[in-house]
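Working notes, beginning with the structure itself.
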Amino acid sequence: MSELILASTSSARRALMDGLGVPYRTEAPGVDEHVPADLPAEEAVRMLAVRKARAVQERHPDAWVLGADQLVEVGRDVLGKPQDRDAARAQLTRLLGNTHVIHTAVCLLGPGGHHSETAEDTRLTFFPVPAEELERYLDTGEWEGCAGSYRVEGRGQALLQKLEGDRTNVQGLPMLSVVRLLRQAGFDLFARP
Ligand SMILES: Nc1nc2c(ncn2[C@@H]2O[C@H](COP(=O)(O)OP(=O)(O)OP(=O)(O)O)[C@@H](O)[C@H]2O)c(=O)[nH]1
């Protein structure tokens, strides 16, 4: 198989791919992540996952390229990554004591016009916690670089009352689906190095 490129700057996505153990490298997609404001969350993440993968594939047409995007939907609000602590506090205040949905899309592009993609939802319910506890969680800094301002695999799990779906999907890649897409594309996931 020609090389696999993860079109991402996300350390969490890298960690998930490192765990899978398939040889790959990363490259920043470098795309404009703006989408129409009224686009439903699942359509937005699919559009951006494809945009990221295509941007890298244009630079490496013979490679396999995996792109991903994620948004948090709570009620009618759609949340991305917070810009600062105050934005993170506002996001978490919206999530605490409520149920929200993580929408993550992945797109696998390959030689010969291969295009496969999927979008996965994970539903999470957070405990209602007092403002002082929220400030202590913000002190961990886990909000930085995370859509929804928490890390489900870190101290953020202390906020988690219920999770329905793929936990890795929350971290950034729905690994059940990533494995399926790679196997369907013909990848040998235990190839000798
Ligand atoms: N470690 C961790 N990261 C999370 C969690 N929830 C969301 N994220 C990260 O939040 C980011 C979602 O923003 P995106 O726009 O999809 O991705 P990005 O960080 O800009 O990275 P690119 O793939 O380069 O676009 C991703 O990096 C996710 O890995 C979580 O629970 N744990």
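It should be emphasised that the depicted structure is a prediction, and the values quoted were computed from it without experimental measurement. Atoms within each ligand, like the ligands themselves, are counted from 1 in listed order.
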Query raised in the report: For the atom pair CG (L6) and CG (D18), what is the distance rounded to the nearest 0.5 Å?
Result: 9.5 Å
Report summary line: Rounded to the nearest 0.5 angstrom, the CZ-CZ distance for R51 and R46 is 15.5 Å
Those atoms of ligand 1 less than 4.0 Å from some heavy atom in [X]:
{"X": "Y150", "answer": "5 (C), 6 (N), 30 (C), 31 (O)"}
{"X": "E33", "answer": "15 (O), 20 (O), 25 (O)"}
{"X": "A12", "answer": "1 (N), 2 (C), 3 (N), 29 (O)"}
{"X": "Q70", "answer": "6 (N), 7 (C), 8 (N), 9 (C), 10 (O), 12 (C), 16 (O), 28 (C)"}

Report task. Please report which non-hydrogen protein atom sits nearest to atom 29 (O) of ligand 1, along with the residue it belongs to and the distance in Å to one decimal place. Result -> Q171 O, 2.6 Å
Query raised in the report: Which residue holds the protein heavy atom closest to atom 25 (O) of ligand 1, what is that atom called, and what is the gap in Å?
Result: K52 NZ, 2.6 Å
Query raised in the report: With respect to atom 1 (N) of ligand 1, which of E27, K81, R13, E153 exhibits the smallest heavy-atom separation?
Result: E153
Report summary line: Nearest heavy atom to atom 26 (C) of ligand 1, choosing from S10, G67, A28, S149, belongs to S10
Any nitrogen or oxygen of [X], main chain or side chain, under 3.5 Å from a nitrogen or oxygen of ligand 1?
{"X": "V152", "value": "yes"}
{"X": "V170", "value": "yes"}
{"X": "C146", "value": "no"}

Query raised in the report: Would you find a donor on one side and an acceptor on the other, under 3.5 Å apart, between the side chain of E73 and the backbone of H100?
Result: no
Report task. Tell me, with the steps shown, if Y150 and Y137 meet ring-ring contact (aromatic ring centres under 6.0 Å, His included). Result -> CA-CA 9 Å; Y150 66 88; Y137 180 59; 7.8 Å; no
Query raised in the report: Would you say R123 has more than 12 foreign heavy atoms packed within less than 6.0 Å of its CZ?
Result: no
Query raised in the report: Does atom CZ of R59 have more than 12 heavy-atom neighbours, drawn from other residues, nucleotides or ligands, at distances under 6.0 Å?
Result: yes
Query raised in the report: Does ligand 1 have an atom under 4.0 Å from some heavy atom of G145?
Result: yes
Query - Close approach of E142 to ligand 1, heavy atoms, under 4.0 angstrom - result: no
Query raised in the report: Hey, would you say the W64 and Y24 ring centroids sit under 6.0 Å apart?
Result: no
Query raised in the report: Any link between V170 and M17 through a network of hydrophobic side chains (Ile, Leu, Val, Met, Phe, Trp, Tyr) touching at under 4.5 Å?
Result: no
Report task. Treating Ile, Leu, Val, Met, Phe, Trp and Tyr as nodes and any side-chain heavy-atom pair under 4.5 angstrom as an edge, say whether V50 and V106 lie in one connected cluster. Result -> no
